[in-house]
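Only heavy atoms go into these numbers, but all of them, side chains included; no hydrogens, no water, no symmetry mates. Being a predicted model, the structure only gives us computed values, none of them experimental. Every chain is numbered from 1 and lettered A, B, ... according to where its sequence line falls, protein lines coming before strand lines.
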There are 4 protein chains.
Amino acid sequence: MYIRIQPNSETPIYTQLIYQIKRGIIKKELLPGEGLPSVRSLAGDIGINMHTVNKAYKLLVEEGVLAQQKKGFMVNPNLMIEMNQKYLHNYRERLEELLIDAKIFNLTEESISKMRNEIENTLKESDKS
Amino acid sequence: MYIRIQPNSETPIYTQLIYQIKRGIIKKELLPGEGLPSVRSLAGDIGINMHTVNKAYKLLVEEGVLAQQKKGFMVNPNLMIEMNQKYLHNYRERLEELLIDAKIFNLTEESISKMRNEIENTLKESDKS
Amino acid sequence: MYIRIQPNSETPIYTQLIYQIKRGIIKKELLPGEGLPSVRSLAGDIGINMHTVNKAYKLLVEEGVLAQQKKGFMVNPNLMIEMNQKYLHNYRERLEELLIDAKIFNLTEESISKMRNEIENTLKESDKS
Amino acid sequence: MYIRIQPNSETPIYTQLIYQIKRGIIKKELLPGEGLPSVRSLAGDIGINMHTVNKAYKLLVEEGVLAQQKKGFMVNPNLMIEMNQKYLHNYRERLEELLIDAKIFNLTEESISKMRNEIENTLKESDKS
DNA sequence: GTGGTCTAGACCACA
DNA sequence: GTGGTCTAGACCACG
């Protein structure tokens, strides 16, 4: 599983990491129950600080995406997660902002569908992991 | 036009303000070419810092939603705005994150459609502005 | 409100801090809605690192004891907190360990009651805060 | 005597083991003077690391619960143990934390009594050891 | 080996 | 001014 971080992006590194990991899970490059690289090794590999990786992992545990064992983190084996109330509220707000921007900037249904399809193509299971 | 700010929300106040204004434009409570309240008066009315209002206005000008005149700000009279490249990229990222979260948290198409409809209902033109 | 930290204790500093703050709330030295010192100032006052204070505050927010505003932390104004399931389970385990130790070390009911009373005396509202 | 370890619990394995053994003594499944399984065999039986069992045994010796012989460990034949000063201090702190949490989270006397009774029921002597 | 805790210090976002 | 993010590096607990 490849993880690419853009150090100069506006989105915090730990957020980028969170979505890269979720991405890996969706693409089945990371399977339920599978262990993740240790905070230190991953940090070393992608050239960021250990604490940043740790924060991402911890937040994913809080969301229910990862689970923490005595020894390291793993993908939650029971991936039937539900959003909690707070997260759902947040999701709605983000959706609302997208819809507002679409209207203000006259994005057509088609162009949005196109983007959406392009994105979903990148989320498909790859044959070789 | 009513502007409601939640001071203790996680979303920064200037962001909330930006979307409230966009919202007003979509609902035609603010018309193209119409002037906005002065930074100072708006800040006073809704009880927030002057700099915060200023930041929101400036960013809206950057996006092309507002125009800055000699004296004050107005809604861009030519509301055929296109997103610039940077904003479009940002939009795509936000959409991507929503799609990823939907898949990870097993949101159904239905529940998303429902949310979407509810939101769009709040964006309809109101009879009295 | 006085906060005393024992740097060489086995209990982590942030845990000590958490209980000191809860203590302050119980003794009504900290009232619902009241603001807490900034992470940096408190850290400076008691001679520990900012991040340690921050961790304690964050955990207290998670427990529902504190609330976080745009600007700083405050005691949750609606202090009708309930333990969540996980915390309740943890509480039960801690109680179980105490009961087991009491039996193994032949602590009498009286001596426990005595300790308990002594502790509760230190938790009473003080006249001057 | 059954020992059940939850490898993914938050409480360290050696702590769990300590309380399982104390539990066995209270339930008279382990009698004063009785020998304990060897470090190696117990570790093998419950599938944990040898060092972990050893740590638990050593700590129990320190507390006076177990005694170490030439060959192996046994339950202290003189089970009229008293807590040493350090342990008593620790006990008091743990009690204090429980009392503080009970007040902060509005636990009723009843619910605590209920928990307490449930726990004590699990500590009764069983007919067959 | 793993994560947890703590420190010191930097720069940024927000109001 | 506030907290948020990120870094670098140390020592400890656990298994």
> Is F:dC14 paired to anything, Watson-Crick or G-U wobble with both distances less than 3.5 Å, and if yes, which nucleotide?
Replying inline: E:dG1

>> I'd like to know if A:Glu96 pairs up with B:Arg23 as an ion pair, taking the criterion as any Lys NZ or Arg NE/NH1/NH2 lying under 4.0 Å from an Asp or Glu carboxylate oxygen.
In response: yes

>> If the cut-off is 4.0 Å, is C:Lys58 near the phosphate of F:dG4, judged by side-chain N/O to OP1 or OP2?
In response: yes

> Do any side-chain nitrogens or oxygens of C:Lys55 fall under 4.0 Å of OP1 or OP2 in E:dC6?
Replying inline: no

> With no angle test and no hydrogens, is the base of E:dG9 tied to the side chain of C:Arg40 by a donor-acceptor pair under 3.5 Å?
Replying inline: no

>> Using only modelled atom types and a 3.5 angstrom limit, is any donor from either the side chain of C:His51 or the base of E:dG9 paired with an acceptor on the other?
In response: yes

Residue [X], side-chain heavy atoms: nucleotide from [options] that is nearest:
X	options	value
C:Lys70	F:dT5, E:dT7, E:dA15	E:dA15
C:Thr52	F:dT5, E:dC6, F:dC14	E:dC6
B:Pro12	F:dG3, E:dC14, E:dG3	E:dC14
C:Tyr14	F:dG3, F:dC6, E:dC6	E:dC6
C:Ser38	F:dG3, E:dA15, F:dG4	F:dG3

> Can you tell if the side chain of D:Tyr87 reaches within under 4.5 Å of the side chain of D:Glu62, non-hydrogen atoms only?
Replying inline: no

> Got A:Met1 and A:Lys27 here, is their nearest side-chain heavy-atom distance under 4.5 Å?
Replying inline: no

In this structure, how many angstroms lie between the [atom2] atom of [N] and the [atom1] atom of [X], rounded?
X	N	atom1	atom2	value
C:Asn49	E:dA10	CG	P	13 Å
C:Gln68	F:dT2	CD	C1'	10 Å
C:Ile5	E:dC6	CD1	P	9 Å
C:Ile13	F:dC11	CD1	C1'	13 Å
C:Leu66	F:dG3	CG	P	12 Å
A:Ile18	F:dG4	CD1	C1'	14 Å
A:Asn54	E:dG4	CG	C1'	8 Å
D:Leu59	F:dC14	CG	C1'	13 Å

> Pick from B:Arg94, B:Lys86, B:Glu93, B:Arg92: which one makes a side chain to side chain donor-acceptor pair (under 3.5 Å) with B:Asn90?
Replying inline: B:Arg94

> Counting only N and O atoms by type, is there a donor-acceptor contact under 3.5 Å from the side chain of C:Asn76 to the main-chain atoms of C:Gly64?
Replying inline: yes

> Is there a donor-acceptor contact under 3.5 Å from the side chain of D:Tyr91 to the main chain of C:Leu98?
Replying inline: yes

Regarding [X], tell me which of base, sugar-phosphate or nothing describes its non-hydrogen contacts under 4.0 Å with the strands shown.
X	result
B:Ile48	nothing
B:Met50	nothing
A:Tyr57	nothing

>> If you assign each of C:Thr11 and A:Lys71 to its closest nucleotide in DNA chain E, which residue comes earlier from the 5' end?
In response: A:Lys71

